[in-house]
Amino acid sequence: MSDARSVDPRTVMVRIRAAMPGLRPSERRIAAFLLAQPQEVANLSVAELAEKVGTSTTSVLRCTQQIGYSRFRDLRVDLARAATREDLATADRFTVSGDIDRDDSLADIVAKVAMTETLSIADTAAALDTGALARAVAAVGAAHRVDTFGVGASAIVSVDLQHKLARIGRMAVNWPDPHSAWTSAATLGAGCVAVGVSYSGGTADSVEFLRIARSVGAVTVGITNHAASPLGEQSDVVLTTAGRETQFRSGALGSRIAQLMVVDCLFIGVATASFDASMHALRATYDVTHSRSVPPKT
């Protein structure tokens, strides 16, 4: 296996998060420790890390390979660099670090949420494949209909994309429930695009939505943190996010922000490809919505 640093432009932390769903339980514990203590791991041997996590050296080496490294020492070097890079990137803006704790003040919570979301955006910007983004922009720009779908927090993101596309005159529909989404997907075909959003890439309803759309000839676009996932397998184009999650996973803190960033990039790419028409539509929709605003009190 070649050195991951020479073939994968993503940071080691992003690669670890992306690999997590496909790891065995023992390997997942190792990966979680790598994410939580990168600077400490940079100074550990394979045996020392195995002892810290309560697993075997074989599991450590297997996890190392799953992340994309042939040598544990290369992983250690990249972890040290990543930890230093993040410390430098956040030193001037954030005075706290780590996950949200029960004893955190509201000021700590604000700082930690800001840090998580800022780093999620930065990681996603670094990891996003602009070639894949260009293909998605071309497909959506040429489509005579775009269907979007997501579940839970991802539904917020799919609705956001639909609203944005509608504002520049694109035929875009978001479906609020799986059965409606699947029914609509079955009526798509060549010249249509289906966009599915799922942080894990394993949300069954979203995977089925893309599977149905793909089976009838539509171009499928998946927005997910895990390209090697069931959603990724059903996607003609995968737009990979690099959202960071805290123990408050149900709040979808970093993942939602990362997904919204990708949606913004996709939307702006489509809009700029037909700049004059898009600007005209945006001005028209702005005028309509603001004509209904309550006038200020005099």
Side-chain angles (χ1 to χ4, degrees), residues 17-23 28 120 124 128 132-133 135-136 139-140 143-166 170-267 270:
R17 294 188 189 96
M20 288 279 272
L23 299 179
R28 200 171 297 131
S120 289
T124 298
L128 186 59
L133 179 62
R135 294 193 297 275
V140 172
H144 57 76
R145 176 174 144 198
V146 179
D147 279 23
T148 66
F149 179 70
V151 174
S154 294
I156 299 171
V157 179
S158 67
V159 168
D160 185 66
L161 176 58
Q162 183 268 324
H163 284 177
K164 282 180 164 64
L165 292 174
R170 302 287 173 169
M171 177 58 184
V173 184
N174 183 78
W175 298 99
D177 68 270
H179 287 184
S180 296
W182 300 342
T183 301
S184 178
T187 68
L188 299 174
C192 298
V193 172
V195 182
V197 186
S198 169
Y199 169 79
S200 68
T203 306
D205 292 342
S206 300
V207 174
E208 182 66 2
F209 167 67
L210 290 191
R211 188 198 67 77
I212 295 170
R214 198 180 199 186
S215 71
V216 294
V219 174
T220 55
V221 178
I223 300 176
T224 178
N225 222 64
H226 307 288
S229 63
L231 189 86
E233 292 173 359
Q234 295 299 331
S235 301
D236 296 310
V237 182
V238 180
L239 301 180
T240 307
T241 59
R244 296 174 178 229
E245 287 307 336
T246 70
Q247 61 185 336
F248 288 87
R249 173 63 189 95
S250 60
L253 302 178
S255 62
R256 187 190 65 252
I257 292 298
Q259 290 169 346
L260 287 170
M261 177 201 162
V262 170
V263 161
D264 285 347
C265 291
L266 176 58
F267 161 70
V270 173

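Just so it is clear, the model here is predicted, and its values are computed rather than measured.
Taking each heavy atom of Val237 and Arg135 in turn, the nearest pair found is CG2-CB, 4.1 Å. Between Ala139 and Val193 the shortest heavy-atom distance is O-CG2, 3.5 Å. Smallest separation of non-hydrogen atoms from Gln259 and Ile223: CG-CG2, 4.3 Å. Looking at every heavy atom in both residues, Arg214 comes nearest to Glu233 through NH1-O, 2.6 Å. Pairing each heavy atom of Ser200 with each of Ser229, the nearest pair is O-CB, 3.8 Å. The heavy-atom pair separating Thr224 from Ser198 by the smallest distance is OG1-O, 2.8 Å.
The CE atom of Met171 sits 9.0 Å away from atom CD of Gln162, with the distance rounded to the nearest 0.5 Å. Between the CD1 atom in Ile212 and the OG1 atom in Thr220 there is a gap of 12.5 Å [rounded to 0.5 Å]. From Leu161, atom CG reaches atom CZ of Phe267 across 9.5 Å, with rounding to the nearest 0.5 Å. Atom CH2 of Trp182 and atom CG of Leu210 lie 12.5 Å apart (nearest 0.5 Å). Remark: Leu260 CG to Thr124 OG1 distance equals 10.5 Å, nearest 0.5 Å. We find the OG-CZ distance between Ser180 and Phe149 to be 9.0 Å, quoted to the nearest 0.5 Å.
Between the side chains of Thr241 and Arg256, no donor N or O sits under 3.5 Å from an acceptor N or O. Residues Thr148 and Ser158 have side chains that never bring a donor and an acceptor to within less than 3.5 angstrom of each other. Inspection of the Arg211 and Ser206 side chains reveals no N or O donor paired with an N or O acceptor under 3.5 Å.
The aromatic rings of His226 and Tyr199 sit perpendicular to each other, their planes meeting at more than 60°, with 30° as the lower class boundary.
Contact annotation: the side chain of Val140 approaches that of Leu165 to within less than 4.5 Å [non-hydrogen atoms, C-beta and beyond]. Contact check for Asp177 versus Trp175: no side-chain heavy atoms found under the 4.5 Å cut-off. Annotation: side chain of Arg145 is in contact with side chain of Leu188 (closest heavy-atom distance under 4.5 Å). Residues Val195 and Val146 have side chains in contact (heavy-atom distance under 4.5 Å, counting atoms from C-beta outward).
The pair Asp264-Lys164 meets the salt-bridge criterion, with a side-chain N (NZ, NE, NH1 or NH2) lying under 4.0 Å from an Asp/Glu carboxylate O.
Remark: the backbone N or O of Pro178 is not paired with any side-chain donor or acceptor of Asp205 at under 3.5 angstrom.
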